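Notes follow the structure.
Numbers restart at 1 for each chain; the letters A, B, ... are given by sequence-line order, proteins then strands. It should be emphasised that the depicted structure is a prediction, and the values quoted were computed from it without experimental measurement.
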There are 2 protein chains.
Amino acid sequence: MLSAYIRYLPSQNVKYVNKHAALDLIRFAPGGISRVALAQRLALTRAAVTSIVNDLIKTDLIRETKTRAPSNGRPPIILEINEERGCVAGVDMGASHLTVIVANFGAQVLAEKEQPFKIADGPEECIRQADAALRSLLSTLGLGLSDLSAIGAGVPGPTIASEGMVLAPPIMPGWDRFPIRDTLEKLWGCPVSLNNDAELGVLGEWAYGAGRGEQNLAYIKVGTGIGAGLFIDGQIYRGATGSAGEIGHMTIDENGPLCACGNRGCLEALAGGRAIVNLARTAIQSGRRTELSANPESLTAMDVSNAAARGDLVAQEVLAEAGNQLGIALTSLVNLFNPNIVVVGGGVAQTGDLFLEPIRKAVLKRSLPAAAHAVRITTSLLGKRSTGMGAVVQALSIALHKIAS
Amino acid sequence: MLSAYIRYLPSQNVKYVNKHAALDLIRFAPGGISRVALAQRLALTRAAVTSIVNDLIKTDLIRETKTRAPSNGRPPIILEINEERGCVAGVDMGASHLTVIVANFGAQVLAEKEQPFKIADGPEECIRQADAALRSLLSTLGLGLSDLSAIGAGVPGPTIASEGMVLAPPIMPGWDRFPIRDTLEKLWGCPVSLNNDAELGVLGEWAYGAGRGEQNLAYIKVGTGIGAGLFIDGQIYRGATGSAGEIGHMTIDENGPLCACGNRGCLEALAGGRAIVNLARTAIQSGRRTELSANPESLTAMDVSNAAARGDLVAQEVLAEAGNQLGIALTSLVNLFNPNIVVVGGGVAQTGDLFLEPIRKAVLKRSLPAAAHAVRITTSLLGKRSTGMGAVVQALSIALHKIAS
DNA sequence: AGCACTTTGTTAATACACTTGACAAAGTAG
DNA sequence: CTACTTTGTCAAGTGTATTAACAAAGTGCT
């Protein structure tokens with residue numbers, strides 16, 4: 001009720017807004033959408049929709065596909081995005097991995113690549129690696145940079161999207177206020193969007209993954225660090241300075257292990273990648289039988305995760321403990337935010353219920369009943385692609401809307 | 001960018017939306033607003049605004065007031081809400097107090113009343129008391145129920161505003177799914193809105209208090225319980241089932257005191273009204289010199305608060321400890337929500353910096369720097385009226401928009 | 001097979017609501 | 001007093017929707 005009217009402030013003319021709304025409705029509709037359904041969603045008449053859809057068909061961005069079996073009466077014609085209209089890329093520069101995805105306008109992945117990467121190497125070196133990876137991936141498809149209409153980029157720090165840079169990023173030394181977007185746009189010769197990796201994760205899961213179409217959604221990325229992307233009432237929520245969702249430094253245990261941020265007992269220090277490794281090492285040093293003791297010095301969280309999936313009891317206990325701590329932290333998020341769904345992503349989360357069940361138990365035990373019962377906690381459907389697919393969604397937003405204008 | 005177009009779904013014709021947006025802009029503009037400024041905010045021309053404003057003037061909801069001193073050129077005419085056009089009421093049914101406010105259409109308080117109250121007495125008894133208080137207050141103004149255009153009501157539980165009832169409220173026995181709004185509408189013969197008290201608190205502070213006009217705002221109410229209202233991107237944020245903002249049962253210390261909810265170490269058990277009393281009693285029993293030892297059995301949090309304001313060292317220490325615990329909890333909120341401002345309300349918070357300074361210290365120490373520096377932590381400007389004034393805002397929303405239709 | 005009915009999509013006339021361009025109104029400055 | 005500026009209004013023109021009617025593509029029944 002409050003200010004609902006003020007929110008409608010068209011900076012473009014009415015038809016422009018309606019056309020772009022229709023394009024987004026078509027794009028995010030699983031299985032396409034008919035003109036009649038568009039009219040309903042847009043609160044317009046069928047006649048108005050005819051005009052708008054005809055404009056979009058002229059741009060070749062959408063096309064008529066099959067008709068649906070009619071219940072009774074004329075079968076509706078289904079409209080979908082024309083996937084052959086062009087290509088975009090998503091570039092996920094993570095703390096320790098680089099993922100590059102090339103997709104068509106229908107958001108279908110044409111090729112992808114992941115490689116080791118250190119965001120801490122600084123902007124010039126990281127951009128050089130991302131560029132080389134992108135060009136290499138494109139060449140496997142017989143494509144070049146000029147075939148990309150737009151590119152979405154993700155980084156592990158708080159971004160000011162409008163400025164195309166990060167602000168005081170905790171784990172990105174040398175990147176503070178570096179003109180990331182402008183640099184990439186010059187290098188790649190097409191429009192680039194820049195977002196925080198967890199934001200893109202929630203976007204990817206909302207658009208095409210486990211949280212598809214949900215209204216209030218949190219995406220938790222469990223990696224070296226732990227971050228959350230928040231999707232509130234149909235929008236990414238960034239907060240006042242772009243740092244919303246910082247869950248990794250939530251105090252879980254005041255007397256817990258020292259965290260990289262300087263405090264004690266942060267979630268990251270209890271359930272992040274390093275914490276999982278440390279828990280495993282402690283168990284090894286106490287003489288527990290586990291396949292992990294083969295090489296404790298080079299242990300990774302993924303080693304623990306894989307061993308757990310293979311039935312290793314110690315690894316399973318470590319994951320359960322980390323899951324429990326994450327569940328304790330999620331109590332706050334669930335109580336404050338009251339989401340429909342929490343999607344847990346990152347490599348460790350792919351073990352599924354071994355990690356998720358302790359999370360669910362802790363949330364159910366510790367959250368208020370109303371919020372606990374309202375939330376579904378699930379693993380990512382996009383696997384390690386959540387952020388990369390979110391970057392693809394951002395790139396498509398730029399590309400499609402630009403062509404439609 | 002994402003779905004920005006889809007958000008514009010006018011369920012009314014365009015002029016209706018613009019007229020109501022103009023009304024809200026006028027209403028929430030401190031000191032009124034000119035037609036030229038309206039045109040800017042609405043992205044319309046001066047000519048279009050003339051037509052809209054003339055319609056609103058015909059309803060007698062707004063009027064032209066003084067002109068402002070011109071910098072150079074014609075002085076703009078200031079438009080304001082016509083405060084004499086009618087009256088509304090705000091009824092705040094809290095856990096232990098009932099507050100009733102009668103205000104005019106300009107949101108100026110004409111009369112108010114507060115009395116002891118127990119929400120746990122159940123809906124019939126509570127509604128009876130609220131009704132009597134409202135009628136009594138109106139009679140001091142020579143008014144009756146028929147003089148009210150609408151009424152806003154607040155309760156301390158998770159509300160589904162569209163249903164006009166509360167859902168599984170933790171501290172409101174007997175109220176679950178009771179048709180509160182429908183009952184009040186029949187009893188009072190005018191439209192009634194129903195909202196959670198913390199939601200109304202944040203609304204009141206946003207509209208007329210310390211958070212006026214802020215984009216991302218949290219209001220913390222420290223009473224017997226502790227709750228938060230969240231205001232995100234221009235809207236109250238309720239969550240999936242209306243329970244967003246439940247901060248009182250956030251785990252601060254796993255080994256802390258038992259909370260009424262059954263868990264240990266909840267914020268409410270460490271910093272709520274009962275916790276403050278318990279901390280004071282512990283100090284008394286350990287032999288500390290304090291004016292509070294005069295009558296420990298009937299001690300209230302307000303007694304502690306007032307003694308602290310008078311310089312009592314023990315009382316100040318108790319407040320500082322409660323403030324510290326609240327600050328620890330606010331770390332999570334600040335990290336997750338990255339607000340511009342946190343407004344702390346409720347009786348205890350009126351002692352000001354004695355309570356706020358420990359909060360600020362804990363937030364600054366424990367939150368990520370970006371979020372900690374972006375947030376201003378302040379006490380409520382509306383004092384104990386935050387929720388009641390939020391209820392007035394809701395009532396005005398109903399009344400003004402109905403007349404404008 | 002033909003007809004009645006239903007739902008979907010289109011067309012052209014009409015209605016609505018804004019913009020444009022010009023002018024009036026109310027100030028300041030020289 | 002004149003020139004200039006900003007604010008507010010008016011009427012003609014423009015943009016974009018709605019309405020009413022019809023065409024199109026099915027199902028179901030006789």
Side-chain angles (χ1 to χ4, degrees), chain A residues 5-6 8-23 25-26 29 31-58 62-80 404-405, chain B residues 5-6 8-23 25-26 29 31-58 62-80 404-405:
Chain A
Y5 307 106
I6 300 179
Y8 153 52
L9 295 175
S11 52
Q12 315 286 348
N13 61 50
V14 175
K15 191 159 186 182
Y16 178 98
V17 172
N18 284 333
K19 181 162 64 168
H20 287 253
L23 182 59
L25 285 171
I26 294 166
I33 189 170
S34 68
R35 286 174 175 85
V36 166
L38 268 185
Q40 269 191 339
R41 288 295 308 273
L42 291 167
L44 297 174
T45 59
R46 289 170 290 146
V49 167
T50 296
S51 172
I52 285 167
V53 166
N54 286 343
D55 280 357
L56 287 174
I57 287 175
K58 283 206 203 95
I62 68 169
R63 62 192 175 181
E64 298 183 332
T65 61
K66 67 231 178 237
T67 61
R68 195 186 293 138
S71 47
N72 195 8
R74 175 173 167 165
I77 302 170
I78 301 302
L79 304 167
E80 291 180 344
S405 301
Chain B
Y5 307 106
I6 300 179
Y8 153 50
L9 296 175
S11 51
Q12 314 287 351
N13 62 51
V14 176
K15 190 156 186 181
Y16 178 98
V17 171
N18 283 332
K19 182 163 63 169
H20 287 254
L23 182 58
L25 284 170
I26 294 166
I33 189 170
S34 67
R35 287 176 175 83
V36 166
L38 270 184
Q40 271 192 334
R41 290 294 308 274
L42 291 168
L44 297 174
T45 59
R46 289 171 287 145
V49 167
T50 295
S51 171
I52 287 168
V53 166
N54 285 344
D55 281 355
L56 288 174
I57 286 176
K58 281 202 205 102
I62 71 170
R63 64 193 174 180
E64 299 184 334
T65 62
K66 69 232 177 240
T67 63
R68 194 184 296 137
S71 47
N72 195 8
R74 176 175 167 163
I77 303 169
I78 302 302
L79 304 167
E80 292 182 340
S405 299

Between the protein and nucleotides 14-18 of chain C, which nitrogen or oxygen pairs come in under 3.5 angstrom?
residue : atom : partner : partner atom : Å
C:dA17  : OP1  : B:N13   : OD1          : 3.2
C:dC18  : OP1  : B:N18   : ND2          : 3.1

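Between A:R46 and A:Q40 there is no side-chain heavy-atom pair separated by less than 4.5 Å. Inter-residue side-chain proximity for A:I62 and A:E80 is flagged as unmet; no heavy-atom pair is nearer than 4.5 Å. Proximity of B:E64 to B:I78: side-chain heavy atoms (C-beta onward) are nowhere separated by under 4.5 Å. Residues A:N54 and A:T50 form a side-chain contact, since some pair of their non-hydrogen atoms from C-beta on lies under 4.5 Å apart. Annotation: side chain of B:S405 is not in contact with side chain of B:K19 (no heavy-atom distance under 4.5 Å). The closest side-chain heavy-atom distance from B:I52 to B:L44 is below 4.5 Å.
Among all heavy-atom pairs drawn from A:L56 and A:A22, the shortest one is CD1-CB, 4.2 Å.
In summary, contact between chain A and DNA chain D, defined as any nucleotide atom under 4.0 Å from a heavy atom of the protein, begins and ends at D:dT16 to D:dT27 in the 5' to 3' direction.
Rounded to an integer number of Å, the gap from B:E64 CD to C:dA26 C1' is 14 Å.
Between A:T50 and the phosphate of C:dG9, there is no side-chain N or O to OP1/OP2 separation shorter than 4.0 Å.
Taking A:R63 as the reference, A:T65, A:N82, A:E83, A:E84 meet the side chain to side chain contact (heavy atoms under 4.5 Å, CB included) condition, with sequence neighbours excluded. In this structure, the side chain to side chain contact (heavy atoms under 4.5 Å, CB included) partners of A:S51, at least two apart in sequence or on a different chain, are A:K15. With sequence neighbours left out, the side chain to side chain contact (heavy atoms under 4.5 Å, CB included) criterion links B:A37 to B:I33, B:S34.
The stretch residues 72-79 of chain B touches DNA chain C through B:N72, B:G73, B:R74, B:P75, each having a heavy atom within less than 4.0 Å of the strand.
Residue contacts for B:R35: at a heavy-atom cut-off of 4.0 Å it reaches the sugar-phosphate backbone alone, with no base atom in range.
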